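Please read the structure below before turning to the comments.
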Amino acid sequence: MRFEVSTADVIVIGAGHAGIEAALSSARLGMKTICFTTTLDFVGNMPCNPAIGGTGKGQLVRELDALGGEMGKAADASCIQYRMLNKGKGPAVYSLRAQADRVRYTVHMKKILENTDNLTLKQAEAIEILVENGEVQGVVTQGGGIYRAKAVIMCCGTFLRGKTFVGDTIRESGPDGVFAANALTESLKNLGLPLRRFKTGTPARIDKKTIDFSRLEVQRGDTDIVPFSFFTDHELYNEAVCYVTYTNENTHQIIRDSLERSPLYGGDIEGTGPRYCPSIEDKVVRFAEKPRHQLFLEPCGLDTNEIYLGGLSTSLPEDVQIKMVHSIVGLENAEIVRPGYAIEYDCLDPTCLTSSLMIKGVRGLFAAGQLCSTSGYEEAAAQGLIAGINAARLVKGEPEFTLQRADGYIGTLIDDIVTKGTNEPYRMMTSRSEYRLYHRQDNADFRLMRKGYEAGLISLERLEQMENEYKAVDEHIEVLKKTHISPEKANPVLENLNSTLVSSGVSLYDLLKRPEVKYEDIAQFTEALSQRKLIEQVEISVKYEGYLKRQEKELETRKKWDDYALPDDIDYMSIELLRIEARQKLSAIRPKSLGQAGRISGVSPADISALILYLGREKR
């Protein structure tokens, strides 16, 4: 029996990383928000790697933080080892990554949700989306409760018809043994939404007490820790140590001998897996020439003996997993406490979404996270924030909030999935950004905090503080340009750095442009900055000035095309100047701008020229 329960402005389905950011942003913007989760014990769960950030992903977290999201703050409240990746490659690809204490992270996020004004956290499974006349009306829960709302955000993670595989042990299940959500898929099918089947996986967890750490490589955290959040003002510590080991030929032979028992190769798994995070059996088959694969032993928390065995993701039977683990140096006597598994689930073809993450044709229905064919906590959280902001703005009758590729990694992520689509779980990487030197993790506040303020999630005080910091950077660069020192002062420094000596006076600015000269080398000759962040900005701005100016120019051009709005009612099928494929693709995606149209697979530069010609004729 169905019964009316309550009414809200916004309903969020799911309290994973996407659902958390969606619910918080909606509630913080004044919307009465209900967030449903199948179990209150797994709010913000980390069923795969207990870590935040990584290459490309660290940038997403810092951008999310600059916009007013919670993930960066939660990371700094719960992370136990920090490392800045790619330090040898230059600031364009520096990416922060940290091991998180799973329990601490969940406790932090649950506490934040439970104590946020306008937000109610409820344990219930949503089984149906209510839609009338093309507009969302609310949801129905498994118990028959009807909850009315003006906007619904689906953040279902990997739970829709979730199925886990450990060899021939196949169960209907979400991650970590939580029951799957089977009914909602039917509701989405009835709405005519395009669904597909994807797959991901996770490695075994092993007992810390049974590992011989003396035979493993030690991997320590950074001595100078950079926080995820621009708002973090407390000291951070590396409380944990990670380790590295490797598979070997014996490991690979065990896997090869057991491939017929793998659901991945036996045909039991139908879903498409992630290209950039393959299972160990996939790696052994695809890279048969490699004698070994690197594995990372990472603690799941400070108060547990569970160790995550990164790099050994698998769906092989448990007895094979035991043999595999025992073949690895340092793990000869290791005990598996949780076997690895693959998980298959339903998700959407994300080209059915607009750039605001609203479903085309169903006003008020939004989606975010792995439901949108992405992978990873960070990608999910970024989408959740954008969906939450837009759900709130829809209820208020305000224009949508979107980010372009020119704005950074979040804009790139959303543009990629809604414009180009994806045939596999999408993962953010620095290589996906055409402007990664400008879209760095260190300047995410400069690039996006004003947008966070305009969205209503950043205070004016915090915005002004940030702007004053960057104003101080600009002013100090001008001081460096005007401050000249004699060869007598400069050459001892240059000689010590094996840098070419000078024969006449030189500005501190020109000295700092040299790759081998750091700010600390010239600080003695001026009233030096003391804040690490400001010093970093000065160094990057000076050393990469030419490259940055070139990218800024390219960004201006990109923005011009992305600001060229296309009419919502344009009939692409009637434009004879366009090729048939272009007409079909443009009709399906319905791009918002000329820039977005040009990024659609199957739409050529010639098609864009034809479209411009058509629009010019229409205006006359």
Side-chain angles (χ1 to χ4, degrees), residues 10-23 26 33-40 42-48 109 113 121-131 136 138-142 147 149 151-164 172-200 271-272 343-350 352-353 357-359 362 364-388 391 417 422 425-426:
V10 176
I11 286 174
V12 177
I13 302 173
H17 304 282
I20 285 169
E21 299 293 351
S26 167
T33 305
I34 300 173
C35 181
F36 288 111
T37 177
T38 52
T39 171
L40 289 169
F42 282 89
V43 171
N45 185 32
M46 293 182 169
C48 192
M109 282 305 200
L113 288 171
L121 190 60
K122 282 182 176 285
Q123 180 168 301
E125 179 187 350
I127 63 168
E128 183 182 345
I129 308 293
L130 297 175
V131 176
V136 77
V139 304
V140 180
T141 63
Q142 191 176 41
Y147 294 80
V152 173
I153 309 171
M154 301 182 293
C155 305
C156 308
T158 60
F159 283 86
L160 288 190
R161 287 203 308 131
K163 188 183 286 187
T164 58
E172 289 189 351
S173 172
D176 282 336
V178 179
F179 61 83
N182 292 325
L184 191 58
T185 286
E186 289 306 312
S187 181
L188 301 187
K189 282 181 181 177
N190 292 336
L191 290 174
L193 302 186
L195 294 168
R196 73 260 294 256
R197 198 87 171 138
F198 275 179
K199 164 256 173 190
T200 187
T272 304
I343 183 166
E344 197 178 61
Y345 56 95
D346 291 337
C347 55
L348 295 169
D349 176 347
C352 74
L353 301 166
L357 298 181
M358 187 164 69
I359 303 287
V362 186
L365 182 59
F366 295 81
Q370 286 184 267
L371 178 63
C372 301
S373 293
T374 59
S375 67
Y377 310 145
E378 302 81 5
E379 291 89 339
Q383 294 169 69
L385 181 87
I386 300 302
I417 61 173
T422 180
Y426 176 100

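These numbers were taken from a predicted model, which means no experiment stands behind them.
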**Request:** Test side chain to side chain donor-acceptor pair (under 3.5 Å) on T422 and S373 and set out the steps.
**Result:** CA-CA 7 Å; T422 180; S373 293; over 6 Å; no
**Prompt:** For the residue pair G44 and I20, what are the closest heavy atoms and their distance?
**Reply:** CA-CD1, 3.5 Å
**Message:** Against M154, only a single residue in I13, V12, V139, I11 fulfils side chain to side chain contact (heavy atoms under 4.5 Å, CB included); can you say which?
**Reply:** I13
**Message:** Would you call the rings of H17 and Y377 parallel, tilted or perpendicular, taking 30° and 60° as the class edges?
**Reply:** tilted
**Request:** Before giving the answer on side-chain contact (heavy atoms from CB on, under 4.5 Å), spell out for V140 and I129 the whole-Å C-alpha distance, their side-chain angles and the decisive distance to 0.1 Å.
**Result:** CA-CA 7 Å; V140 180; I129 308 293; over 6 Å; no
**Asked** What residues, two or more places apart in sequence or in another chain, satisfy side-chain hydrogen bond (donor to acceptor under 3.5 Å, both in side chains) together with E128?
**Response** R2
**Prompt:** Out of L371, T33, V10, L357, which one pairs with I153 under the side chain to side chain contact (heavy atoms under 4.5 Å, CB included) rule?
**Reply:** V10
**Asked** Considering all heavy atoms of both residues, which atom of T158 and which atom of Y345 are nearest to each other, and what is their separation?
**Response** O-CB, 3.4 Å
**Item:** Atom pair SG (C156) and CG (L188), whose distance is rounded to the nearest 0.5 Å
**Value:** 7.0 Å
**Request:** Using the test side-chain hydrogen bond (donor to acceptor under 3.5 Å, both in side chains), find all partners of T374 that sit at least two apart in sequence or belong to another chain.
**Result:** Q383
**Prompt:** CG of L191 to CG of L365: how many Å apart, nearest 0.5 Å?
**Reply:** 7.0 Å
**Asked** A387 and A368: which non-hydrogen atoms are nearest, and at how many Å?
**Response** CB-CB, 4.2 Å
**K122 vs T37 side-chain heavy atoms within contact, under 4.5 Å** = no
**Request:** State, to 0.1 Å, how close P425 and S375 come at their nearest heavy-atom pair, and which atoms those are.
**Result:** CB-CB, 4.0 Å
**Request:** Could you tell me whether the side chain of C347 reaches within less than 4.5 Å of the side chain of L195, counting heavy atoms only?
**Result:** no
**Shortest non-hydrogen separation from F366 to A151 and the atoms involved** = CE1-CB, 4.3 Å
**Asked** When the ring centroid of Y147 is compared with that of F36, is the distance short of 6.0 Å?
**Response** yes
**Fill in**
d(E186 CD, I127 CD1) to nearest 0.5 Å is 11.5 Å
**Request:** Among R197, R161, K199, find the residue that satisfies the side-chain hydrogen bond (donor to acceptor under 3.5 Å, both in side chains) test when tested with E344.
**Result:** R197
**Asked** Under the side-chain hydrogen bond (donor to acceptor under 3.5 Å, both in side chains) test, which residues partner T185, sequence neighbours left out?
**Response** D346
**Request:** Under the side-chain hydrogen bond (donor to acceptor under 3.5 Å, both in side chains) rule, collect the residues that match up with N190, sequence neighbours excluded.
**Result:** none
**Message:** I want to check something: taking the side chain as every heavy atom from C-beta on, are L130 and V136 in contact at a cut-off of under 4.5 Å?
**Reply:** no
**Request:** To the nearest 0.5 angstrom, please state how far the CG atom of D349 sits from the CG atom of L193.
**Result:** 10.5 Å
**Nearest non-hydrogen partners of A23 and C35, listed with the distance** = CB-CB, 4.0 Å
**Prompt:** Measuring from E21:CD to I386:CD1, what's the distance to the nearest 0.5 Å?
**Reply:** 10.5 Å
**Message:** Please determine whether side-chain contact (heavy atoms from CB on, under 4.5 Å) holds for the pair S173 and K163, giving the CA-CA distance in whole Å, both sets of side-chain angles, and the decisive distance to 0.1 Å.
**Reply:** CA-CA 5 Å; S173 172; K163 188 183 286 187; over 6 Å; no
**Asked** Would you say I359 and C352 make side-chain contact, with heavy atoms under 4.5 Å?
**Response** yes
**Message:** Just to verify, what does E172 make a salt bridge (Lys or Arg N to Asp or Glu O under 4.0 Å) with, not counting sequence neighbours?
**Reply:** none
**Request:** Report yes if some heavy atom in the side chain of T141 is under 4.5 Å from a heavy atom in the side chain of E125; otherwise report no.
**Result:** no
**Item:** Pairs touching residues 365-378 that satisfy salt bridge (Lys or Arg N to Asp or Glu O under 4.0 Å), sequence neighbours left out
**Value:** K57-E378
**Asked** In Å, rounded to the nearest 0.5 Å, how long is the span from CD of Q142 to CG of N182?
**Response** 9.5 Å
